[in-house]
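Here is the naming used below: chain letters follow the sequence lines, and residue numbers restart at 1 for every chain.
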There are 2 protein chains.
Amino acid sequence: MELNHGLDDRKLKILHAVIKNYLETGEPVGSRTISKYTDLNLSSATIRNEMADLEDLGYIIQPHTSAGRIPSDKGYRLYVDMLMAEKEQEVIEMREQMLEKADKMDKILKQAAKVLAVNTNYATMVSAPTMNRNKLKFIQLSQVDEHQIIAVIVMEGNIIKNKIVTVEETLNNEIMLKLNMLLNTSLPGMSIEEINLGMIAALKEQAGEQSEIIGDVLHAIGSTIQPEDLEIYTSGATNVFKYPELSDNHSAQEIINAFEEKQMLQEIVTQTLSKEDNHGIQVYIGNETPVQSMKDCSVVTATYELGEGMQGTIGIIGPKRMDYEHVMKTLKTLMTELDEIFHKQE
Amino acid sequence: MELNHGLDDRKLKILHAVIKNYLETGEPVGSRTISKYTDLNLSSATIRNEMADLEDLGYIIQPHTSAGRIPSDKGYRLYVDMLMAEKEQEVIEMREQMLEKADKMDKILKQAAKVLAVNTNYATMVSAPTMNRNKLKFIQLSQVDEHQIIAVIVMEGNIIKNKIVTVEETLNNEIMLKLNMLLNTSLPGMSIEEINLGMIAALKEQAGEQSEIIGDVLHAIGSTIQPEDLEIYTSGATNVFKYPELSDNHSAQEIINAFEEKQMLQEIVTQTLSKEDNHGIQVYIGNETPVQSMKDCSVVTATYELGEGMQGTIGIIGPKRMDYEHVMKTLKTLMTELDEIFHKQE
DNA sequence: ATTAGCACTCGAAGGAAAAGAGTGCTAATA
DNA sequence: TATTAGCACTCTTTTCCTTCGAGTGCTAAT
């Protein structure tokens, strides 16, 4: 990443100070504050001049004539990029918090969101891993009663899906055995995309009389595993109330709504997964976000891996004056943690 | 239900008018308004006298000396009880809305919450049916790989649960077959409560060498089906912003938080299911609610049945000045709808 | 190049005044 | 006797004005 701004060291330091201070207070910051806050030993007047320059360059903004300055999106962006360039590593007590409830995957992810929300004081989301490229591991058909069979589908990573299929005729044990054999000899090891029409036709052919059932089952597999199933767990949505600039207007409403409906959060997940750089961490500031209702926020996302192309997204949504440093550290830690938990589980 | 208030017809009419008007406007209502609003043809002065009486009797309240009156909890209670006494029936287009997405149970319930929220403009919740008294229908153990077997548990009503159990030794086909036989000869038809320690001991006895696995599986069944799993779907939490008396203070925060964490909503479900009257509809006004953070709200709940003792809860949370009439109608309709959908499915 | 000093701007906070809504009480009325 | 008109009173809400303070930009001095 190139940090190609035309700023000299002093301007950079002042900008840094403005942003950092604003992150803490949430109030516009004035020249006198900076004069004391930094170790530059400059008078407020000098700072004022520099700040006027920074404003011309578009890094900071004056909400009104006689207020201090707040960072612009461009300013935040520079700040974040600088952070990105640094390397950090730090493991905190999140580990224990996480492992406490590590049970089934949905529990883990729910817990992850919660831990993250508590640790950062922002709203958080965690998406269940998408499994487009994931492979089938095992299929089992069982007779539940006369007209219903249950299909249990296990994917790599032990993701389990069920589907009840209704059948016309009652099937005897032999046939069930045959169907199970058929499915389990050909399908395991295949990914969803590989199961195409030709494949399905071939299987149906082999199934003979039961071709219809095989069709139904395969159809069920397809529809069950479609990405429409993309689960998203959220926590700490009410944290937005902690930041006046978000809770004032009705933007809080929009954000919380997005969190409840989850529809829009999928946008973020999609977008995040489509790019891949920055050690998997991405930051959307203000209007950069894929979701319009969050234009007054910043969104920080990270990708976690589950092997075999399965990946999910962790996201933090907060005010633009987000504590990027802390958030990115925490996110990185959690990411690593999830990677580990899931890989150990297998 | 006894409507044992000591109110004459005129007082009742005035109280009714006050409440109804307040429900619409959200503002305290004065004597002049009532004078015009009702068909009593009384002057504001007379109304004033009556209202003073009603206040003495505790049915209405004056927020401050020179304001109109608003209903007290006791007033609402009377109003609601009167509504309860009426019979209503009405099927609206909810039916189509519901069936549109009727697929798997969680989808149905999610959709139900949404439809309800849109139809009423309040926050809504729907709990998945609890299955304490529900019976096992079918169990299937399958080998997934060397050290893992998957237990698929199907309950009456086709509720499916999965659990991966890790085993020490690899099990051969014969043993798997034997275990499946064992489980499926004794367990189906039993309810969770019936599977007690003696039962477990007997099964372990029969399992011989594999007693440990049986133990694990049974334990898994127990823990998988425990009410901690009680899923709750919510929608329209942000509707609270539509009612100033809820959105002003930080009570909106508390309510929305309760909706996100869902923990507290369980209280409501529990409480609702423990009682059974009023055609399954219950109303908690203000402090009557089981959840403290909703003391400024009213909560209306209904119970839907799924046969075999399985039942779930639908709830609406809104301001005390809720449109009880509409809500109860809608709730009753949806309740019926859910009953039907689920029974047809089986 | 830096800084001190100062006039200026503009929002926030405070407070008085006016407006408005509604009451309770009394006296008049049907 | 029940109802109503009238009026003084109370209390909130709104509006407008003032003051205060934080911060600026500019100029002149260092």
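Scored by the side-chain hydrogen bond (donor to acceptor under 3.5 Å, both in side chains) test, Asn121(B) finds Lys242(B) as partners (sequence neighbours excluded). Taking Ser43(A) as the reference, Ala45(A), Thr46(A) meet the side-chain contact (heavy atoms from CB on, under 4.5 Å) condition, with sequence neighbours excluded.
With 3.5 Å as the limit, one finds no donor-acceptor pair spanning the side chains of Asn119(B) and Thr330(B). Side chains of Ser251(B) and Asp296(B): no donor on one and acceptor on the other come within 3.5 Å.
Residues Val283(B) and Val327(B) have side chains not in contact (no heavy-atom distance under 4.5 Å, counting atoms from C-beta outward).
Between Lys20(B) and Glu325(B), at least one side-chain N (NZ, or NE/NH1/NH2) sits under 4.0 Å from a carboxylate O, which counts as a salt bridge.
For the pair Tyr22(B) OH and dG22(C) P, the computed distance is 14 Å after rounding to whole Å. The CG-P distance, from Leu40(B) to dA2(D), rounds to 17 Å in whole Å. Ile47(B) has its CD1 atom 8 Å from the P atom of dT4(D), to the nearest Å.
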Open item on the list: Show me the dot-bracket string of DNA chain D, counting Watson-Crick or G-U pairs under 3.5 Å, with | for pairs to another strand and [ ] for crossing ones.
Closed with: ||||||||||||||||||||||||||||||
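For residues 47-65 of chain A, the salt bridge (charged side-chain N to carboxylate O under 4.0 Å, His left out) pairs, not counting sequence neighbours, are Arg10(A)-Glu50(A), Lys11(A)-Glu50(A), Lys11(A)-Asp53(A), Glu55(A)-Arg69(A).
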Task: Protein-to-nucleotide contact annotation, 5' to 3' order, nucleotides 1-17 of chain C [B base; S sugar-phosphate only; - none; under 4.0 Å, heavy atom] - done: -SBBB---BBS------
Listed pairs under 3.5 Å, donor-acceptor, residues 35-42 of chain A side chains, sequence neighbours left out:
from     : atom 1 : to       : atom 2 : distance (Å)
Ser35(A) : OG     : Leu42(A) : O      : 2.9
Tyr37(A) : OH     : Glu24(A) : OE2    : 3.4
Thr38(A) : OG1    : Ile34(A) : O      : 3.1

